[in-house]
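Quick note on labels: first sequence line is chain A, next is B, and so on, each numbered from 1.
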Number of protein chains: 4
Amino acid sequence: MSTNSPRWETEEQQPSGADGRTLTSRGVRTRGAILEAAESVFAEHGYHDASIVKITEAASVAQGTFYLYFESKQQVFNELVRDLNRRVRHAMSERAAQARTRAERERLGFRGYFEFVAEHPALYRIIRQAEIVAPDILREHYERISKGYVDGLRAAMATGEIGESDPQVLSWILMGIGEIVGARWVLWGETDTVPDDVFENVMRFIERGLASREEM
Amino acid sequence: MSTNSPRWETEEQQPSGADGRTLTSRGVRTRGAILEAAESVFAEHGYHDASIVKITEAASVAQGTFYLYFESKQQVFNELVRDLNRRVRHAMSERAAQARTRAERERLGFRGYFEFVAEHPALYRIIRQAEIVAPDILREHYERISKGYVDGLRAAMATGEIGESDPQVLSWILMGIGEIVGARWVLWGETDTVPDDVFENVMRFIERGLASREEM
Amino acid sequence: MSTNSPRWETEEQQPSGADGRTLTSRGVRTRGAILEAAESVFAEHGYHDASIVKITEAASVAQGTFYLYFESKQQVFNELVRDLNRRVRHAMSERAAQARTRAERERLGFRGYFEFVAEHPALYRIIRQAEIVAPDILREHYERISKGYVDGLRAAMATGEIGESDPQVLSWILMGIGEIVGARWVLWGETDTVPDDVFENVMRFIERGLASREEM
Amino acid sequence: MSTNSPRWETEEQQPSGADGRTLTSRGVRTRGAILEAAESVFAEHGYHDASIVKITEAASVAQGTFYLYFESKQQVFNELVRDLNRRVRHAMSERAAQARTRAERERLGFRGYFEFVAEHPALYRIIRQAEIVAPDILREHYERISKGYVDGLRAAMATGEIGESDPQVLSWILMGIGEIVGARWVLWGETDTVPDDVFENVMRFIERGLASREEM
DNA sequence: AATGAATGAGAGTTCATTCAT
DNA sequence: TATGAATGAACTCTCATTCAT
């Protein structure tokens, strides 16, 4: 079984101004500074209390500058969620690519996920606000991660490594587990990563849950 | 094994005015009307777009009246989340109490949960905003539900019905699954409940995941 | 010929809040203060430089109070133009009603018009901005005054007092004359009314212009 | 009586940079492009909504370039009004120059005026904003046209072709008529010129109004 | 001569909260 | 107990203008 093709990976995009124009290098830098500032301000204060003033102050630019690069507060939020989605999928793929077996792959994917959340707690806090602020973008986010799981699960079912089951449902289960465990032990916990024993418990649960009947 | 004691059930509270004074029956009625109005307005518009004007209009009282019963918008939100927590635990307990076996208990608890979400989608949408708006209340919410699971899981481990594992971790896994499946199939789906086949897939996954090694 | 029925007269309206609710006497007073302030601020600074801050400061109320009584800056402007229209027609009708002959009627109508402009120069300056800011309301304004003239002209043609001509065209001519003379001698001039000799020149021109051929 | 000397005609000016420096031919071209763009943008959006961005985009130059040729938005507006004034007087003179009699001269002047408005409705809309935006320039505009009329009227009075009257007052009356008729039938009407019957009605009114007593 | 990124004051508007009645 | 007018700070966003390149 081929285990080294990235499962959640995706394409890149190229930054432009609020009106779609291409940017000079100075512009790219400024845009990046605003995006970074927005990331941390959204994470700290939440969407609504993250004012343009706070964001531009954090980016050390004037208020008006914000609107040279983004159409609105909403748009920069959407972009951040999409960005987060790309990065988290990249983190998972990169880790999973090192796996030698199917089971290892799942483990490494989750590890990658938890590491990402641990490294970008701020950024990850953002997504939990999207339900109200940008529901479409949020579903897009879940769908994309789900798709990465579905592809892997389907392949593993084909080889009999895991039991037959609806891969769609399984993919959402896995996301649900990842999300709440990430929230509980990384975002809210005092630890800066998921403790090993917790991780082992989680993975054991998942492996049993996925197991084919014969294995049981 | 005793299966009929409610696992998630909890205590009630007694309404009072914003300054803690006890209420006349008229006051109790007004307070209730505002709370109800707040529930639907928060659910429809989200915390920030739910203005006091909208709430008081929906409750058919003057703006000032709101502050006779609640200290702030934040406080009424907190109260709603706590209320929601009580109700969802009640729904789960009530269902689970009908179970005859441990496994059935899990199934019925989940059924109860999904039914509650299905019946109060509006209300349930509220909780997903609490992460930022009232993080402490949100964790309290999760901890309470978690505790209900932990008690049951511990008992089941003692009798060997399920494998040994950290019940804390398992409880969060179960919550994570419940939440995302509820969101995906009830809140965002067109169906007004979790479809049977999805439910079966979920429960099979959970039962295997929880199984004791000997069973496998 | 009946000359004592008001030709430009019209109906009154009853003030209400921005959301249509009826007002207490305190509310009526506040609303009036804002309207009055808006009138003078619009007149002095023009629509665009008349900020809500300036208006509310002039009315000695807080900024938010403005929005209790008016939906927007645009709406209060529209209301002022409509109000102006009602008042100017009232002023003309009132004067014209004292006339004993057709010719006197024209004279008195114009007098009334010039007096009104002289007494409310501020208010009258407003209308000249409406072309861009509220074109529909402006046309409504002209149409209503025009109608007042047309009725009178048609009656005078029927009795042969003035020559046959398209009353629509004549009414616009009369408005054009009134407007520019009012602007030139009252708004921009140092005099606070149209000087007698100018008035006589204007009226002579109009009377000849309207005269029936036989008279010539 | 001499009828062929242009009555409203005037002098030209020579374009220069914002700081008064003389321009290269490239500069002259750029300046012209901006002026032209400003004309159409002001006409379409009105003074305040005509942003420098819109103007420079329409002229296909960078924002900064605007300030190489004009000191401010206000200044370019002033220049446009003055330009419009020159052009409308030119149009009237050109037409009037073809007249053989005094009466024809009036008719042709008006025709020229209406044709100009019809051909440049956009441009003419600009002037109606000047009342607030550039009152001095507007009065200058009126004074100059008035002067053209006064000269002609005085000459006609001298020869007895029209009755004795204050030529200043008459000139303003004529402007008032021209302006409102132009607005009503060209700017707001669906027709793209003043209809013949309207024109005839207007001219008949004017001719009677101007007539000397003996003629009547 | 031309660019376009950057500025920052100020715009209209909203809304949680207070308080006189 | 209930009202609703009033507040004013804070919000998002615009735009004339400047200036380093």
Side-chain angles (χ1 to χ4, degrees), chain A residues 17-19 21 23-31 48-56 60-74, chain B residues 17-18 21 23-24 26-27 29-31 48-56 61-74, chain C residues 17-18 21 23-31 48-56 60-74, chain D residues 17-18 21 23-24 26-27 29-31 48-56 60-74:
Chain A
D19 52 0
R21 75 193 191 289
L23 302 179
T24 65
S25 69
R26 187 189 183 193
V28 172
R29 229 178 311 122
T30 305
R31 198 192 132 97
H48 277 95
D49 290 348
S51 66
I52 301 296
V53 176
K54 280 175 189 153
I55 292 172
T56 50
S60 299
V61 298
Q63 283 189 57
T65 306
F66 178 92
Y67 292 92
L68 292 178
Y69 299 100
F70 303 96
E71 276 167 17
S72 65
K73 186 180 161 184
Q74 175 75 61
Chain B
R21 78 197 186 290
L23 301 180
T24 66
R26 184 190 183 190
R29 231 177 310 121
T30 305
R31 196 191 133 97
H48 278 94
D49 290 349
S51 65
I52 301 295
V53 179
K54 280 176 190 153
I55 292 171
T56 51
V61 298
Q63 280 186 65
T65 306
F66 179 92
Y67 291 90
L68 293 177
Y69 298 99
F70 302 97
E71 277 167 15
S72 64
K73 185 180 165 184
Q74 175 75 60
Chain C
R21 76 194 190 288
L23 301 180
T24 64
S25 70
R26 186 188 183 193
V28 171
R29 229 178 311 122
T30 306
R31 196 191 134 97
H48 277 94
D49 290 347
S51 65
I52 302 295
V53 175
K54 280 175 189 152
I55 293 172
T56 51
S60 300
V61 297
Q63 282 188 59
T65 305
F66 178 92
Y67 291 91
L68 292 177
Y69 299 100
F70 303 96
E71 277 168 17
S72 64
K73 185 180 163 184
Q74 175 76 60
Chain D
R21 78 198 187 289
L23 301 179
T24 65
R26 184 191 183 190
R29 231 178 310 122
T30 305
R31 197 192 133 95
H48 277 95
D49 290 349
S51 65
I52 302 295
V53 178
K54 279 176 190 154
I55 293 172
T56 51
S60 299
V61 298
Q63 279 187 66
T65 306
F66 179 92
Y67 291 89
L68 293 177
Y69 297 100
F70 302 95
E71 276 167 17
S72 64
K73 185 180 164 183
Q74 176 75 60

Given atom [atom1] of [X] and atom [atom2] of [N], what is their separation to the nearest angstrom?
{"X": "B/Phe70", "N": "F/dA2", "atom1": "CZ", "atom2": "P", "answer": "12 Å"}
{"X": "A/Arg31", "N": "E/dA5", "atom1": "CZ", "atom2": "P", "answer": "13 Å"}
{"X": "A/Leu68", "N": "E/dT7", "atom1": "CG", "atom2": "C1'", "answer": "9 Å"}

Notebook entry, point to check: To the nearest 0.5 Å, how far apart are CZ in D/Arg26 and CZ in D/Arg29?
Noted result: 8.0 Å

Note to self: Nearest 0.5 Å, please: how far is OH in B/Tyr69 from CG in B/Leu23?
What the structure shows: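 That separation rounds to 6.0 Å.
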
Next item on the list: Would you give a per-nucleotide map of nucleotides 15-21 of chain E, 5' to 3', where B means the base has a protein non-hydrogen atom under 4.0 Å away, S means only the sugar-phosphate does, and - means neither?
Entry: BSBB---

Checklist line | Validation row: C/Thr56, C/Thr65 side chains within 4.5 angstrom (heavy atoms) | finding: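 Side-chain contact under 4.5 Å: no.
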
Note to self: If you only use heavy atoms from C-beta on, which nucleotide in E/dA1, F/dT7, F/dT3 is closest to the side chain of C/Val61?
What the structure shows: F/dT7

Who are the side-chain contact (heavy atoms from CB on, under 4.5 Å) partners of [X], not counting sequence neighbours?
{"X": "A/Asp19", "result": "A/Arg21"}
{"X": "D/Ser51", "result": "D/Val53, D/Lys54"}
{"X": "C/Gln74", "result": "C/Tyr47, C/Ser72, C/Phe77, C/Asn78, C/Val133, C/Ala134"}

Check: Do any side-chain nitrogens or oxygens of C/Arg21 fall under 4.0 Å of OP1 or OP2 in F/dA5?
Finding: yes

Checklist line | Nearest-nucleotide 5' precedence on DNA chain E, D/Thr30 against A/Thr24 | finding: D/Thr30

Next item on the list: Give DNA chain F the dot-bracket treatment, 5' to 3': Watson-Crick (N1-N3 with N6-O4 or O6-N4) or G-U (N1-O2, O6-N3) under 3.5 Å, [ ] crossing, | other strand.
Entry: .||||||||||||||||||||

Check: Considering all heavy atoms of both residues, which atom of C/Lys73 and which atom of C/His48 are nearest to each other, and what is their separation?
Finding: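 Closest heavy-atom pair between C/Lys73 and C/His48: NZ-O, 3.3 Å.
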
Notebook entry, point to check: When we call it a touch if two heavy atoms are under 4.0 Å apart, what does B/Tyr69 touch: a base, just sugar-phosphate, or nothing?
Noted result: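 Since only primed, P, OP1 and OP2 atoms lie under 4.0 Å of B/Tyr69, the category is sugar-phosphate.
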
Margin query: Using the ring pair (Phe, Tyr, Trp, His ring centres under 6.0 Å) criterion, which residues pair with D/Phe66? Sequence neighbours excluded.
Written below: D/Phe70

